[in-house]
Amino acid sequence: MDQQSSTAAPSVAFLGLGAMGSGMASRLVDQGYRVLVWNRSPGAAEQLASQHGSIERAESVAEAFAAQTIVHSMLTDDAVVLGLFTDELLAGVPAGRVHVNHATISPAAAAELAERHARHGVGYVSAPVLGRSTVAHTGALLVVASGDPAAIEAAQPSMEALGSRLWNLGTDPRLAAVVKIAVNYSILNALQSIAESVTLVEAGGIDPTTFIEILTHTAFSGSAHKGYGPIIAEKRYQPVGFAMSLGLKGLTLVEDAAAELGVALPVAPVLHELFEAALADPELAQLDWSAVAEVTRRRSGR
């Protein structure tokens, strides 16, 4: 099922089938791709293959690289990605392959991965996505990419198939990682500003849903406020679109990048403490990251 030899349909490999990865793989199928999938625990791959006739399973990452020219991945964090895409693995990858890494990782890890891939002649694209896992299958994700120009060009069709827009940020693989964690930081700030505003109007006897309608009508009409505002107002924290633990992960990435770049982020320690408090609560820890708003509500006696 090599992409170069397929005449019936374009094909790629996809590694990592959590909530986001499964949605992205399904999106590629809907866009006419045949997809070879691999997941560390095989159950997710088996389930996805049973749902889509255009999905086949690979037994290993090496098999996926051997079979496909373009290999996408959506894995958890720095440790997982660095531990999987080792020099040993990459040394056995056939020439001309391209790896598109969609994970949210640190700029330092992005640079290290790019160096490893280059040592073994494997193209590398840093391409994190913006959006919730609940919309990944719809094509509503945004993709920001940076890295080797030839690799970006080769992977552009499948990256564009995944979302509604693709931004090419340049040749430095760290750039896409910085943009991704900066976007997450803005969302984290928005979650807390909504939480505080909602708690304030609730204390004043105002219906929070009505307040969110007012808030998002003109001044804050973007997707963060329109998406998370009603969720926080109505306490609709399930299904989980973004795990609470990933909120703290995102904050840690931001803080580390800010320290490396010499940037002061005065609000970051406050957000960090709030997410630690949410994760320490067995109930909140299992909910969507927007449930961090309940820490503010509880501290205010709401």
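- Without hydrogens or angle criteria, H225 side chain to S221 main chain gives no donor-acceptor distance under 3.5 Å.
- Side-chain atoms of N101 and Y124 form a donor-acceptor pair, as typed in the model, at a separation below 3.5 Å.
- Although no hydrogens or angles enter the test, the distance criterion places no donor-acceptor pair under 3.5 Å between the side chain of S146 and the main chain of G170.
- The shortest non-hydrogen separation linking V100 to A155 is CG2-CB, 3.5 Å.
- When atom types are taken as modelled, the side chain of H99 and the backbone of V71 share no donor-acceptor pair closer than 3.5 angstrom.
- Side-chain atoms of D288 never come within 3.5 Å of backbone atoms of A291 as a donor-acceptor pair (strictly under, hydrogens ignored).
- In terms of modelled atom types and a separation under 3.5 Å, the side chain of D78 and the main chain of A109 share no donor-acceptor contact.
- Using a distance-only test at 3.5 Å, with no hydrogens or angles considered, no donor-acceptor pair links the side chain of R119 to the main chain of L90.
- Using a distance-only test at 3.5 Å, with no hydrogens or angles considered, a donor-acceptor pair links the side chain of R97 to the main chain of Q68.
- Note: L248 CG to L253 CG = 10.0 Å, rounded to the nearest 0.5 Å.
- Distance check: I206 CD1 to L200 CG gives 7.5 Å after rounding to the nearest 0.5 Å.
- We find the CD1-CD distance between I232 and E294 to be 8.5 Å, quoted to the nearest 0.5 Å.
- Judged by distance alone, the side chain of K180 and the main-chain N or O of L130 form no donor-acceptor pair under 3.5 Å.
- In terms of hydrophobic clustering, with Ile, Leu, Val, Met, Phe, Trp and Tyr side chains grouped at heavy-atom distances under 4.5 Å, Y33 and M20 are assigned to a common cluster.
- No donor-acceptor pair closer than 3.5 Å links the side chain of T171 to the backbone N or O of D148.
- What you find for S126 and A177 is that their closest heavy atoms are OG-N, 4.1 Å.
- A donor-acceptor pair is defined here as one N or O able to donate and one able to accept, closer than 3.5 Å; no such pair exists between the side chain of D281 and the backbone of A277.
- The side chain to side chain contact (heavy atoms under 4.5 Å, CB included) test with S290 singles out one residue from I194, V240, I187, I231, and that residue is I231.
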